[in-house]
Undergrad: 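Dropping a structure here in structure tokens format, bear with me for questions.
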Amino acid sequence: MARIQKTSPGAGSAGKPAGSRKPAKRRIQKPRATAPTPQSTNSTKLRPTAPIVPPQSVAGRALTLVVAIMSFLACLTVGAVSIVWDAADAWQNDLVREITIQIRPVDGIDMLREIDKAVALTQEFPGIGAVRALSDAETKALLQPWLGEGLDLEGLPVPRLIQIIVDDPGRLDLIQLRTAIGDNISGASLDDHSVWTARLSAMAGAVVLSGIAVMALVLASMILSVVFATQAAMAGNRDVVSVLHFVGAEDTFIAREFQRHFLVLGLIGGISGGLCAIACFVLLDMVTRQTTGQAGSDQFSALFGSVSVSLPGYLGVFGVVFIVAVLTALTSGLAVKAHLAKGD
Amino acid sequence: MIRFENVGLRYGMGPEILRDLSFDIAPQSFQFLTGPSGAGKTSLIRLLFMSLKPTRGLIKVFNRDMSQIGKQEIPILRRKIGVVFQDFRLLDHLTTYENVALPLRVVGKDEADYRADVMELLRWVGLGERMHVLPPVLSGGEKQRAAIARALITRPDILLADEPTGNVDPPLARRLLRLFIELNKLGTSVIIATHDIALLEQVDARRMVLADGRLSIFD
């Protein structure tokens, strides 16, 4: 800005302006008597510069609450997906670490000898921890619900089972083991529970996809709410936008001014929702621990394990809070630009 | 600096409210734009300020054909033009100081760099003691001077003032007029839109008279 020099507006005299005169030096002089000394300039205290767009005119508590609720729901979804994912992972691990050999009775073949051969053969494979043929008593116990007490295994063609505990699933070559068992043991087949693990994987994948879909819907609702709120804020600040335009503000500057408010709003809403969700997770964990041993909770634990949100779940909550804040700011910025473009 | 050639303007499908306007705004010139109420003075000011596009004719602003100026360039060109509106258009939630500093803020200047200049200008227009006050507390004359200060803070090449004395008493109107003359002497082209005959009689300057959508110029 020009230094203000020479005469004050009140001191000048009216007359024809000199259109042909050489352009004067663009420094407006101020009378010496009123010239502010550096001391007087510095001594004037100013309040911290107020935001160009008044915060109270942008969006009220309602939008913050909407963002908080959406963030809360998105965080709950992340937590639920995390619980199911962990449970599915645990089930899969248990299944992968245990495989079974079934030996069916074949005419003319001594089944007990085949069992011993199968146990010996299996133990030679790398990655195998323990191999154990189910005893007569255990086999009877397995059949008892269907065939009743006092079962004579010698008189019935009952298949026998060999339980194999896998120490290191990475080292075990299941295909080779299956081939070896099939080739060398009469009436034997290997069951690695792959049908179950495939189903569990599919279920876990479906739960994750559903979680992503729910989160996408929640975030889409939030984005629409922010778009409406931004449009309302723009309408409410039409005068501010008009003034900013005629003082030479670019659309990006105006969008940034609005965006700043929405980023703060998104952060407040997102953090509030995230904290509420974390409180829910902690509460769920506490309730689960306290009810351990009760009939219902034991079945629930058998299905879902510890029913507590793991570290990735909590990290997911922070991710949701970040996404909510960034989405709120970005959406409002784009909505302002679209509004300004439409106004031209 | 600004050149109009056969410019016409109509709103929507309505009648043409400005017809065949041809004139130049020379550097460091001073002119009044006058005419009866509703003659189109404000529309012409808006055309000069690139806030409206003509329905026909050619407008050159700083040697640039307005029809060729991109949307992104308009704010940059507007920074060379200061505007004082009849209704001041001060932002009520900002202090006088913040309102005057607004054009510098939108170009990204740091407050520490412009603080002294803004204070100096406010003192020059007689608002040194009112810089912390919000516009609703200011009188009409004070608002007018704050609006003028805001238009001048970026040292514009052209100053457009729409009825700048419409809300002030005659002594203050004379003071404001002297302020515009002083600015013009310092190199700014000034265009004052007014229908205040008393104001026109005080200065022997070029007069652009709008009537029935047509412009007559008296040098």
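Chain identifiers are assigned alphabetically (A, B, ...) following the order of the sequence lines, protein sequences preceding nucleic acid strands; residue numbering begins at 1 within each chain.
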Undergrad: Can you give the donor-acceptor pairs under 3.5 Å from side chains of residues 214-225 of chain A to other protein atoms, not counting sequence neighbours?
TA:
| residue | atom | partner | partner atom | Å |
| --- | --- | --- | --- | --- |
| A/Ser221 | OG | A/Leu217 | O | 2.8 |
| A/Ser225 | OG | A/Ser221 | O | 2.9 |

Undergrad: Can you tell which part of B/Phe85 gets under 4.5 Å to a heavy atom of chain A, answering side chain, backbone, both or neither?
TA: side chain
Undergrad: Locate the shortest heavy-atom distance separating B/Thr55 from B/Leu9; write the atom from each residue and the value.
TA: OG1-CA, 3.1 Å
Undergrad: Donor-acceptor pairs under 3.5 angstrom involving side-chain atoms of residues 99-106 of chain B: please list them, not counting sequence neighbours.
TA:
| residue | atom | partner | partner atom | Å |
| --- | --- | --- | --- | --- |
| B/Asn99 | OD1 | B/Leu91 | N | 2.8 |
| B/Asn99 | ND2 | B/Leu91 | O | 3.0 |
| B/Asn99 | ND2 | B/Leu94 | O | 3.0 |
| B/Asn99 | ND2 | B/Thr95 | O | 3.2 |
| B/Arg105 | NH1 | A/Ala50 | O | 3.1 |
| B/Arg105 | NH2 | A/Ala50 | O | 2.5 |

Undergrad: Any ion pair linking B/Lys60 and B/Asp65 (charged N to carboxylate O, less than 4.0 Å)?
TA: no
Undergrad: Which of the residues A/Ile254, A/Val240, A/Thr252 is involved in the greatest number of heavy-atom pairs with chain B at under 4.5 angstrom?
TA: A/Val240
Undergrad: Given a strict heavy-atom distance threshold of 4.5 Å, which part of A/Phe253 is in contact with chain B: side chain, backbone, both, or neither?
TA: side chain
Undergrad: What's the verdict on side-chain contact (heavy atoms from CB on, under 4.5 Å) for A/Gln259 and A/Leu330, showing C-alpha distance, side-chain angles and the deciding distance?
TA: CA-CA 7 Å; A/Gln259 211 168 356; A/Leu330 278 181; 4.1 Å; yes
Undergrad: Give the member of B/Glu111, B/Arg145, B/Arg150 that has the highest number of heavy-atom pairs under 4.5 Å with chain A.
TA: B/Arg150
Undergrad: Picking from B/Arg78, B/Glu98, B/Arg89, which has the most non-hydrogen pairs under 4.5 angstrom with chain A?
TA: B/Glu98
